[in-house]
Amino acid sequence: MASLQSLRGMVDLLPEHTPLWQQVEATARDHFRRAAVREIRTPLLEVTELFARGIGEATDVVGKEMYTFLDRGERSCTLRPEGTASVVRAAIQHGLLSQGPQRLWYGGPMFRYERPQAGRQRQFHQIGLELLGFADARSDVEAIAIAWDLLADLGVEGLALELNTLGSPDDRARYREQLVAWLEAHRDQLDPDSQARIHTNPLRVLDSKHPDTQALLAEAPSLADALSAESQERFAQVQAGLTALAIPFVRNPRLVRGLDYYSHTAFEITSSQLGAQATVCGGGRYDGLVQQLGGAATPAIGWALGMERLVLLLSQGAVAPPPGPDLYVVSRGTLAEAQALLLARHCRRAGLAVERDAGGAAFAKQFKRADRSGAPFAAVIGDAEAEAEMVLLKDLRGERPDERLTWEQLLQRLAAA
RNA sequence: GCGGGCGUCGCCAAGUGGUUAAGGCAGCGGCUUGUGGCGCCGCCAUUCGGGGGUUCGAGUCCCCUCGCUCGCCCCA
């Protein structure tokens with residue numbers, strides 16, 4: 001085939017699917033508005049170092065999934081693989097944080113060079129929340145609640161909130177040492193992937209899907225035991241807060257998350273109906289990131305929600321057929337066709353959705369197209385109507401007889417319909 | 001990066017080595033030159049993702065390649 005195609009993993013969203021996306025976006029916007037969260041938009045392209053430093057060199061995202069290239073100035077640029085690093089960078093760059101805590105949301109395409117599969121594309125879309133400058137456990141609860149309520153309001157069912165704590169950076173460092181030592185001692189019993197991660201990303205080993213490794217891990221030192229009293233108390237507060245809001249959750253001690261910047265609360269909202277890529281929304285606390293990217297030490301929590309996966313869940317229900325226009329204008333004759341364009345504009349200015357037949361076709365054909373457009377009414381202008389500056393209103397769905405009307409009468413009739 | 005499945009018209013789809021590649025939907029034209037939804041008639045793939053090979057002969061067999069898809073990995 002000589003014809004051009006979209007790049008692998010880059011998906012077109014066709015007109016029949018955009019209404020559902022628009023509905024999700026509108027609902028999300030409304031939830032953010034009600035939660036006093038403001039939108040921020042950042043570039044799709046950033047210097048590579050932002051992600052290398054922010055997400056972590058050892059992560060899969062940075063190590064093998066980034067769209068990175070040299071621009072004409074020989075700078076290494078990367079198409080953003082996630083949103084948080086960019087938002088934090090922008091907040092630092094523009095001094096947002098010196099104006100107090102920031103409640104921000106963002107949305108848009110992200111890029112990860114992976115093998116596509118169900119619920120996974122190379123260009124995909126996220127909506128995300130970032131609460132910058134909030135340290136309290138209550139902000140963790142609030143962030144999660146915003147995601148939970150949004151999903152519930154959209155009518156997604158069968159979701160599970162999985163919750164874990166990664167502890168403070170100190171807890172994590174201490175635990176990491178214990179874990180590495182233990183993994184080292186059992187190296188030969190681990191699967192190859194896990195062996196490779198012992199030093200680069202030991203916590204990820206805990207989440208290995210390998211059955212043998214998983215069985216072995218039952219003996220490993222647990223993160224929970226390494227937590228300081230403060231971290232434990234903090235985690236208890238988060239759980240109590242969720243319980244107070246009647247948001248059900250499941251503790252998952254193996255939930256680690258792939259990005260380096262997380263600490264304390266980590267969570268995922270999953271659905272069993274998504275196939276292998278079950279996470280709809282994932283996030284957590286990242287108290288160290290702002291500082292790591294050159295800002296003042298600032299606690300923060302956030303999450304990102306995968307639009308494609310969410311839409312996948314939503315479209316498992318019945319999809320409403322796209323609405324047709326309010327009016328379809330049919331015309332024949334030179335004068336009439338000129339008037340049809342004027343009439344269409346007149347009605348559009350009055351707020352109606354109007355489709356005008358390209359004209360030229362046989363009259364019968366035009367009515368056929370009018371019918372298929374889904375419009376409830378057709379406005380007919382022929383030579384006779386054009387001379388008199390009238391239109392014939394035809395009821396395409398009901399039994400009402402044709403009416404000969406002036407343009408203003410037409411608008412009134414349609415407004416009443 | 002590694003496995004499995006698949007690739008015939010815009011969509012669905014028959015066809016399993018033998019002359020001209022069914023059919024349905026959509027589209028276009030007509031029956032009906034100012035009136036649609038139903039019906040009827042006609043048109044709509046020199047070609048089976050692409051390239052090689054086997055054969056007298058290939059959409060049908062073999063090889064390579066590209067793409068789609070599901071899974072691993074990872075994550076939204």
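No experiment lies behind these values; they were computed from the predicted model shown. Letters A, B, ... are given to chains in the order of the sequence lines, protein chains preceding strands, and every chain is numbered from 1.
- A:Lys368 places its NZ atom 14 Å from the P atom of B:rG34, with the value rounded to the nearest Å.
- Counting distance only, with no hydrogens placed and no angle test, the side-chain atoms of A:Gln277 and the base atoms of B:rG71 include no donor-acceptor pair under 3.5 Å.
- Partners of A:Tyr261 under the ring pair (Phe, Tyr, Trp, His ring centres under 6.0 Å) rule, at least two apart in sequence or in another chain, are A:Tyr286.
- Partner assigned to B:rA22 is none, using Watson-Crick or G-U wobble distances below 3.5 angstrom.
- With both ends at atom P, the span from B:rC9 to B:rG51 equals 15 Å, rounded to whole Å.
- Between A:Ala276 and A:Met307, the one whose closest nucleotide on RNA chain B sits nearer the 5' end is A:Ala276.
- Computed from coordinates, the A:Glu403 CD to B:rG34 P distance equals 23 Å when rounded to whole Å.
- Straight-line distance from the CZ atom of A:Arg80 to the C1' atom of B:rA76: 13 Å, rounded to whole Å.
- Although no hydrogens or angles enter the test, the distance criterion places a donor-acceptor pair under 3.5 Å between the side chain of A:His94 and the main chain of A:Ala90.
- In this structure, NZ of A:Lys64 is placed 10 Å from C1' of B:rC2, rounded to the nearest angstrom.
- For A:Arg369 and B:rU35, the CZ to P distance is 16 Å, given to the nearest whole Å.
- Residue A:Lys365 is classed as a sugar-phosphate contact, given heavy-atom separations below 4.0 Å to backbone atoms only.
- Using N1 to N3 plus N6-O4 or O6-N4 for Watson-Crick, or N1-O2 and O6-N3 for G-U wobble, each under 3.5 Å, B:rG71 pairs with B:rC2.
- Between A:Arg174 and A:Asp170 there is no salt bridge, since none of the side-chain N atoms of the basic residue sits less than 4.0 Å from a carboxylate O of the acidic one.
- Less than 4.0 Å separates RNA chain B from at least one heavy atom of each of the following residues of residues 112-131 of chain A: A:Arg112, A:Glu114, A:Arg115, A:Gln117, A:Ala118, A:Gly119, A:Arg120, A:Gln121, A:Phe124, A:Gln126.
- Pair assignment for B:rU54 gives none, since no Watson-Crick or G-U wobble pairing has each distance under 3.5 Å.
- Just one of A:Leu150, A:Leu305, A:Ile146, A:Ile144 meets the side-chain contact (heavy atoms from CB on, under 4.5 Å) condition when paired with A:Leu129; it is A:Ile146.
- Rounded to a whole Å, the CD atom of A:Glu162 is 13 Å from the P atom of B:rA76.
- Sorted by first and then second residue, the salt bridge (charged side-chain N to carboxylate O under 4.0 Å, His left out) pairs involving residues 129-141 of chain A (not counting sequence neighbours) are A:Asp136-A:Arg138, A:Asp140-A:Arg234, A:Asp140-A:Arg285.
- Going from atom CG of A:Asp402 over to atom C1' of B:rU35 covers 8 Å, rounded to whole Å.
- When rounded to the nearest whole Å, the span between CG of A:Leu274 and C1' of B:rC75 equals 12 Å.
- Projected onto RNA chain B by closest heavy-atom contact, A:Asp371 and A:Arg8 fall at different nucleotides, the more 5' of which corresponds to A:Asp371.
- Using a 30° and 60° split on the angle between ring planes, A:His186 and A:Trp182 fall in the parallel class, below 30°.
- For the pair A:Arg397 and A:Asp371, the salt-bridge criterion is met [side-chain N within less than 4.0 Å of a carboxylate O].
- In this structure B:rG34 sits in no base pair that meets the Watson-Crick or G-U test at under 3.5 Å.
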